**Student:** 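The structure follows.
We number each residue from 1, following the sequence as shown. Quantities reported herein were computed from a predicted structural model and do not represent experimental measurements. Atom set for the values below is all heavy atoms of this structure, side chains included, hydrogens, waters and symmetry mates excluded.
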Amino acid sequence: MSKHAKTADLSGLYPAAIRESFVKLKPRALWRNPVIFVTAVAAAMTTVLGLRDLLAGTTGAGTSLHVSAWLWLCVLFANFAEALAEGRGKARADTLRATKSETRVRLLSEPDESPGHAAEVLSTALRPGQYVHVAAGEIIPTDGEAVRGVASVNESAITGESAPVIRESGGDRSGVTGGTTIVSDWLVIRVTAEPGKSFLDRMIALVEGAERQKTPNEIALNILLVGLTLIFLFVVVTLPAFASYSGTTIPVIVLGALFVTLIPTTIGGLLSAIGIAGMDRLVKANVIAKSGRAVEAAGDVDTLLLDKTGTITFGNRMADALIPAPGVDMRRLAEAAALASLADETPEGKSIVDKARELLGSVPVMPEGAEAVAFTAQTRLSGLDLADGRGFRKGATDAVIRLTGQTPPQALGAQVDAIARSGGTPLLVAEGGRILGAVHLKDIVKPGVRERFAELRAMGIRTVMITGDNPLTAAAIAAEAGVDDFLAEATPEMKLDLIRREQAGGRLVAMCGDGSNDAPALAQADVGVAMNVGTPAAKEAANLIDLDSDPTKLIEVVLVGKQLLISRGALTTFSIANDVAKYFAILPAIFVAAYPGLGALNIMGLASPSSAILSAVIFNALILVALVPLALRGVRYRPSTAAALLRRNLLIYGLGGLIVPFVGIKAIDLTLVALNLA
């Protein structure tokens, strides 16, 4: 997402939000918010009765219409809050939509086909499983996975960052996103998205709010609000009977005003805006949430699991040195390492071939009849079997030891241990049953990671690094990164087991990853965060996607989740508390004629019953619009215990909800009297 979109001028959204406020008056749109729907029904009823009184020349018709107008304004202000929150997302969606274009692309029948023989088709005709060739200066037409080539890709249209990134076949950096542009070189891409269902299409729908589903917390709060509305409806409906028994008549318009001011219209009007604004804050942080449930769960996360490669580290492990075993010639080791890596398309495998070329001047070509042995998480080995019966393998130290039945010579073993302790990754190289030496692979921890993990620790979140490396290497990287624990030599099954154990202990688990082997864990976790540089499988399994590919971005996600929950709770507390003050305004005004003693409850000293009712209705509408900025911005979160947060909310929003209406209603009453409107 472009920086311009993220800093769009909010004032330009006001006219559209005002127009949308009237569009949302449609009953079908209002029905989605029961509290505001019944407010609209009450407003319509009082409007009809006020017009009837006006035509009949009845005394008090002006007050009736005044009450009706402010009830409609209450509905419009609630619609305005929701429309303004939605408008910010739609503005960003328009910016994203501008990056989409229908272009002609070169369609290949096979990934190895020459682009000169490719057929040209429209990008909208592409289907999953097809192959396209995209060269420098061309836009990648849809989501896919690089299967050939390496290229520099400008992803600023999606991430807002101008620095190009490398995408290449093999490994965990093969995923490409439609709408991005190749800056140099070329890629052959296998299409993975159906038309209209690309990552960019889903981003547009999500930031517009078109696919925002209510979260469990939001649904529960809606049920509470509906319950309170029904209770107050029952109370208001029974009041005429009590009034009749006391020899008093209560006008229907007064009953309507009483009902609307007693039900929690403040939180009812702002609830949707709070949820939409929470999703919008994630978009500002360059995180796309597939569901609001994930955002709320992030606010309560206890354990964070992070894949090491590409998440904590840059993931570009490169061959730094070849270390021959005693009695083994360096050239022989280099040749064996190159042969074991010729069929390895991962960045590590390519770097070993490059290192061998540096030492030998050239490397062997793929021998005729040779059979590649692919790496698996179970064997943790890869290599090449030649037609003459010789076999070359490279892999994790324990895997090569099991394969050969040998232990490395003492001198080589000491160097392997030193590599692991330094944070590097040692690979052993073997020919047949003999260990020839080791390869030193180096990975780099991303800058600032240690400080961010310290912040997570302060928030009570335990961090666990997951890696396929041996325990010594894992321990060195874990110490450098500052994580709390690590799981070494991890397979996809081990990751799943760890997550399930944590969840069985009652903890909410977040998982960050970028590779296809992380997909099962990302799907199992309560909060799955996929790096944008990762594979399509990882992004599909996750419920949050970090466009900046920064594993510590979960801090922002956690903060947004906590802020969302706290904002909702704070405004609910305020809404229910300020209803109490309204009782002191309206109830004495209704019954003071029949029960003069109730005048003692008029502690605000309101001028008259009609002024009390009108002042309460006006305050009810104005406080809603006054809280719109807070709903959109969110209540600030400060790391603290749940008990301390509860005390703070009760003190600020509970006590504030009691005091503010007394001040506001009295000020409105004085204004109405001064203007001779009551």
**Student:** Which heavy atom of A257 sits nearest to which heavy atom of I613, and what is that distance?
**Tutor:** CB-CG2, 3.8 Å
**Student:** Measure the OG1-CG distance between T58 and D53 for me, rounded to the nearest 0.5 Å.
**Tutor:** 4.5 Å
**Student:** Do the non-hydrogen side-chain atoms of S64 and L49 ever get within less than 4.5 Å of each other?
**Tutor:** no
**Student:** Pick out which of L270, I623, I652 makes a side-chain contact (heavy atoms from CB on, under 4.5 Å) with F574.
**Tutor:** I623
**Student:** Using every non-hydrogen atom in the two residues, find where I618 and H66 come nearest and quote the distance to one decimal.
**Tutor:** CD1-NE2, 4.5 Å
**Student:** Would you say N79's side chain and F22's backbone share a donor-acceptor pair under 3.5 angstrom?
**Tutor:** no
**Student:** Any side-chain heavy atom of V635 within less than 4.5 Å of one from R633?
**Tutor:** no
**Student:** Are any side-chain N or O atoms of D546 and backbone N or O atoms of M531, one a donor and one an acceptor, separated by less than 3.5 Å?
**Tutor:** no
**Student:** Atom OG of S615 and atom CD1 of I665: how far apart are they, to the nearest 0.5 Å?
**Tutor:** 7.0 Å
**Student:** Are K666 and D669 close enough, and set up right, to give a side chain to side chain contact (heavy atoms under 4.5 Å, CB included), and what steps lead you there?
**Tutor:** CA-CA 5 Å; K666 180 59 178 177; D669 174 69; 4.0 Å; yes
**Student:** Using side-chain heavy atoms (C-beta onward) and a distance below 4.5 Å, is T39 in contact with I263?
**Tutor:** yes
**Student:** Can you tell me if D526 uses its side chain to pair, donor with acceptor, with the backbone of V509 under 3.5 Å?
**Tutor:** yes
**Student:** Counting N and O atoms only, with roles assigned by atom type, does the side chain of S244 sit under 3.5 Å from a partner on the main chain of P240, one being a donor and the other an acceptor?
**Tutor:** no
**Student:** Working to the nearest 0.5 angstrom, can you tell me the gap between T47 OG1 and R52 CZ?
**Tutor:** 12.5 Å
**Student:** What's the spacing between L632 CG and I274 CD1 if we round to 0.5 Å?
**Tutor:** 9.0 Å
**Student:** Rounded to the nearest 0.5 Å, what separation is found between the OG1 atom of T261 and the CG atom of D579?
**Tutor:** 7.5 Å
**Student:** With L571 as reference, evaluate I267, I576, L271, N649 under the side-chain contact (heavy atoms from CB on, under 4.5 Å) test and give the passing residue.
**Tutor:** I267
**Student:** Would you say the side chain of T229 lies within less than 4.5 Å of the side chain of F37, judging by non-hydrogen atoms?
**Tutor:** no
**Student:** Whether the side chain of R568 engages the backbone of L221 through a donor-acceptor N/O pair (distance < 3.5 Å, no angle test) should be reported.
**Tutor:** no
**Student:** When rounded to the nearest 0.5 angstrom, what distance separates CG in L304 from CZ in R462?
**Tutor:** 10.5 Å
**Student:** Does some side-chain heavy atom of V483 sit less than 4.5 Å from a side-chain heavy atom of V464?
**Tutor:** no
**Student:** What heavy-atom pair brings A43 and L71 nearest, and what distance separates the two atoms?
**Tutor:** CB-CB, 3.7 Å
**Student:** Is the shortest side-chain heavy-atom distance between L239 and L258 below 4.5 Å?
**Tutor:** yes
**Student:** Do L565 and K562 have side chains that approach each other closer than 4.5 Å (heavy atoms only, starting at C-beta)?
**Tutor:** no
